[in-house]
Amino acid sequence: MTPGIPGTPGTPGNISTPDTTMTPDAPTSPVMTNPLLDSLTDAQKKAVEHLDGPLLVLAGPGSGKTTVVTRRIANLIDSGIPPWQILALTFTNKAAGEMRERINTLVPENVPGRRGLTVATFHSFCVRLLRNYASQANIHERFSIYDGADQREAIKQSMKEAGLSSSNWTPASVGAAISNAKNQLLTAEAFAQEASDFYARSIAKAYVGYERRLKDNNALDFDDLLMLTARLLKNNNDVRDELQQRYQYLLIDEYQDTNHAQFVIAHSLAASHSNICVVGDPDQSIYGWRGADIRNILEFETLYPDAVVIPLGQNFRSTAHIVEIASKLIENNTKRKKKTLHTELGEGEKAQVIICQDEHHEAKVIVDDFKRLHDDNDVPWKEMAVLYRVNSLSRVLEEAFRSASVPYVIARGTAFYDRKEIKDALAYLRYAANPSDEVSMRGIINTPTRGIGKTTLDRIENHAIFNPSRMIDVLQNPEQVEGVSARAVGSIQKFNTMVNGWRVMNEHEGMLLEAQSGLAELIERMIRESGLEAMFKKSRTEEDFERLENLGELVSAAADFVPPDASDLGMVDTEGNALELPEPTVLDLLSMFLEQVALVSDADMIDPANGAVTLMTLHAAKGLEFDGIAMAGLEQGLLPHQRAAHQESELEEERRLCFVGITRARKHLMLTRAAVRTHRGMRERTIESQFLGELPGDSIIYSDHAGVDDGYVYGGGGGGSYKDEFGPSSGDTGSWSPKSGSRSGGDSEFPVGCRVMHPKFGLGKIEAITRRPAGSSAQVTFSSVGTKTLILEYAKLQRVD
DNA sequence: CTGGTCATTTTTTTT
DNA sequence: AAATGACCAG
């Protein structure tokens, strides 16, 4: 199955209050009661009616935050504020899309200036500003945006250059340090000046080199987008004045997750008018690790002493037991403003806490419970989700859902773009769009292999160091480099000609071609000419076929790509009319396409329209709600995560994460843990999460299935010999297999004797199956390579009978 | 230069 | 268990 590509964001999300379809009366009719205030609590009304000045909305989970925020914007417009003076900033595209959507239902399209209303993510807003004010920000207009992997590459290179032995430093730790510095608006130079100890000096060297590299490559990383915008607003009075003038009313969503750079951006914009409304919940602050500063929200009132503060405590989402569990849990955090939550939705069910034997059992328990909810309680699949702390837990769950034929989707937005073939294709495109992008060039100059190997690249790099120049420029005249074979020179020239062909296509045909089809055409041509297509067509394995399909998906995504409307970008005149912009060329379109691709997040991928259970991390679940939630892996080291266990503040963030998970549930909540879990190939006994012990016993039903027989026998299979080093459930080897009467056929899809196809070894016959709790294996005789032992879970066997 | 084998490392969350 | 990286034979 091929995963979809994120379409344009903006799908309607879950709605937490009953009345969202209503629209305000026509502006002409004198209304005594404002329909925007219908069926709101007093606190909600107060927030919606607030016009000028700083406003802090402390919105607990399920408190109708989005309703309040969207109605407040509608109300601002109703009371005469031109929409183009309003700026709303969110964290994810999905949140922005949802907000836009809901404002659309409240404010008619024909309101003057309506289309100039800006609702954007922090990052996309920053990209826009940086392109518009490129010269003031001292950057090139058309920059590449580096994702984590590119960033890692660039950091690796600069570490090598700075002489940091990679045994003492990992690119990840250096990257984290650099990221922190950027969040604090510390440039490489400033960081180097402050660096006093050996550790900081070493980081500083890498930081300086990394920055130079980015500059040379005409690239920005995610942190740069925020840092450069913040610095621009801080240092350039003209730009700041202009933008303050333009955006008279600000709204910041999920304010508890803003970092220092975002803080500076928000308050620079608000400085002249203080019309800033921030919405958030300190108890849901879960991004401290990436620089989010919870003090931003805790100290808002200090910054704006005249701020109006409105707590929204009533929960319209969850039933009482769930709210009770969440409240009791979060009360264990000491560094916290006390806040009470209540609901009027009735008592509801208690939550189930289930101890399972191992992760496969856990997955089975969750799937069975969801089936029960679906079959007996009429809960649709899409109203259920499984949440976990780390992505690695998704595999086993995924398998369980698949084998039970329950439809599911994994919210992993980056998954598609993380595929090798897609990353390669994007690297080609980025290099075509940005000829300075060395990281992208390195990624694809020899993919597929075209005789430009490591030695050649090393020689070119050396040459670039010796006669100071950039590798990318040396590449233009490969013949000048000592020691590069004539053959390699020819390959390089061919490569250059190919890429230039695409760039010329951009420049000259851009205005002639229908740009829209031109983009897809360019990508198709690139896939063909680069040899990517031929590389996957050659072999006829299922894997390579899928890769080809994925490349096709990329082309369709480009064909479907709708560039953001100029007015949605806030490019409007003072009347709120969209500015007349020149028709975008293919190159412009390509840049916008790449930009959109760079800024998709996991959460953006969740499509409420599909009828499937959602599997996602706790982080990705923020802001969502479901009838039924299962949280897996409530174990020490996993839910308070290992790396957070040592510091109290980090432990509290883990607890907030757990709180976020619990409060996603409307009616049904299940928390599970496995007594034994396989981690990095090792089966280990687990310790119950301390958070389970903090839950109120009156609101949960606790059942321990770790040792008992509950419908599954643990044993049977032949010959498996993994050691059971654990207590009571001793001695058995074998697999989970349903006892008599259970569904889904019991035995394997690969009976002994059946014929199978393996992507690499070809046709074979199953000789024996060895069942194990973690990864059953099969002995298969192939005509090509003889008998092999394969792990069924990983070998992509297909039955061909 | 390529494609294989062997050893080492992985240890969170994400715009 | 799997991904990456180093090394080597062809």
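In the text below, chain A, chain B and the rest are named by the order of the sequence lines, each starting its count at 1. Since this is a predicted model, take the numbers as computed values, not measurements.
- Contacts of A:Phe222 with the nucleic acid, taken as non-hydrogen atoms under 4.0 Å apart, include base atoms.
- Between A:Asn391 and the phosphate of B:dT13, there is a side-chain N or O to OP1/OP2 separation shorter than 4.0 Å.
- Within 4.0 Å (heavy atoms only), A:Ser392 reaches no atom of the nucleic acid at all.
- In terms of phosphate contacts, A:Asn259 brings no side-chain nitrogen or oxygen within less than 4.0 Å of OP1 or OP2 of B:dT15.
- One interatomic measurement links the two molecules: CG of A:Leu651 to C1' of B:dT13, which rounds to 15 Å at whole-angstrom precision.
- A straight line from CD of A:Glu254 to P of B:dT15 spans 12 Å, rounded to a whole angstrom.
- Looking at A:Gln256 and A:Asn296, their side chains never come closer than 4.5 Å, going by heavy atoms from C-beta outward.
- Partners of A:Asp424 according to the side-chain hydrogen bond (donor to acceptor under 3.5 Å, both in side chains) rule, which considers only residues two or more places apart in sequence or in another chain, are A:Lys420.
- Rounded to whole Å, the separation between the C1' atoms of C:dT4 and B:dT13 comes to 23 Å.
- Taking only side-chain atoms of A:His123, from C-beta outward, the nucleotide of B:dT12, B:dT15, B:dT14 with the closest atom is B:dT15.
- Between A:His641 and B:dT12, a base-stacking contact is recorded: ring centres under 5.5 Å apart, planes less than 30° from parallel.
- OP1 or OP2 of B:dT15 has not a single side-chain nitrogen or oxygen of A:Thr92 nearer than 4.0 Å.
- We find that CZ of A:Arg389 is positioned 14 Å from P of B:dT11, with the value rounded to whole Å.
- Here the P atom of nucleotide B:dT13 and the CG atom of A:Asp257 are 17 Å apart, to the nearest Å.
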Enumerate the protein-to-nucleotides 7-9 of chain B contacts in which both atoms are nitrogen or oxygen and the separation is below 3.5 Å.
none

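- Residues meeting the salt bridge (Lys or Arg N to Asp or Glu O under 4.0 Å) test with A:Asp283, sequence neighbours left out: A:Arg336, A:Lys339.
- When heavy atoms are screened at a 4.0 angstrom cut-off, A:Lys156 is found touching the sugar-phosphate backbone but no base atom.
- Counting heavy atoms from C-beta outward, A:Phe691 and A:Leu671 have side chains that stay 4.5 Å or more apart.
- Both stacking criteria are satisfied for A:Trp289 over the base of B:dT13: a centre-to-centre distance under 5.5 angstrom and an angle between ring planes under 30 degrees.
- Taking the side-chain hydrogen bond (donor to acceptor under 3.5 Å, both in side chains) definition, one finds that A:Ser285 meets it with nothing, sequence neighbours left out.
- Residues passing the salt bridge (Lys or Arg N to Asp or Glu O under 4.0 Å) test with A:Arg295, sequence neighbours excluded: A:Asp293.
- Of all the residues in residues 442-453 of chain A, A:Asn446, A:Thr449, A:Arg450, A:Gly451, A:Gly453 reach under 4.0 Å from DNA chain B with at least one non-hydrogen atom.
- Taking atom CD on A:Gln636 and atom C1' on B:dT11, their separation rounds to 16 Å, with Å as the unit.
- For the side-chain hydrogen bond (donor to acceptor under 3.5 Å, both in side chains) test, no residue two or more places apart in sequence or in another chain qualifies with A:Gln642.
- Toward the 5′ end of DNA chain B lies the nearest nucleotide of A:Lys454, the other residue of the pair A:Lys454 and A:Tyr287 mapping further downstream.
- Between A:Gln262 and A:Asp257 there is no side-chain heavy-atom pair separated by less than 4.5 Å.
- Contacts of A:Glu688 classified as side chain to side chain contact (heavy atoms under 4.5 Å, CB included), with partners at least two apart in sequence or in another chain: A:Ile355, A:Arg673, A:Leu692, A:Tyr702.
- Shown here are the salt bridge (Lys or Arg N to Asp or Glu O under 4.0 Å) partners of A:Asp147, two or more places apart in sequence or in another chain: there are none.
- For the pair A:Arg128 CZ and B:dT15 P, the computed distance is 18 Å after rounding to whole Å.
- Remark: C1' of B:dT15 and CZ of A:Arg152 are 18 Å apart, rounded to the nearest angstrom.
- In this structure, A:Glu654 places its CD atom 11 Å from P of B:dT13, rounding to the nearest Å.
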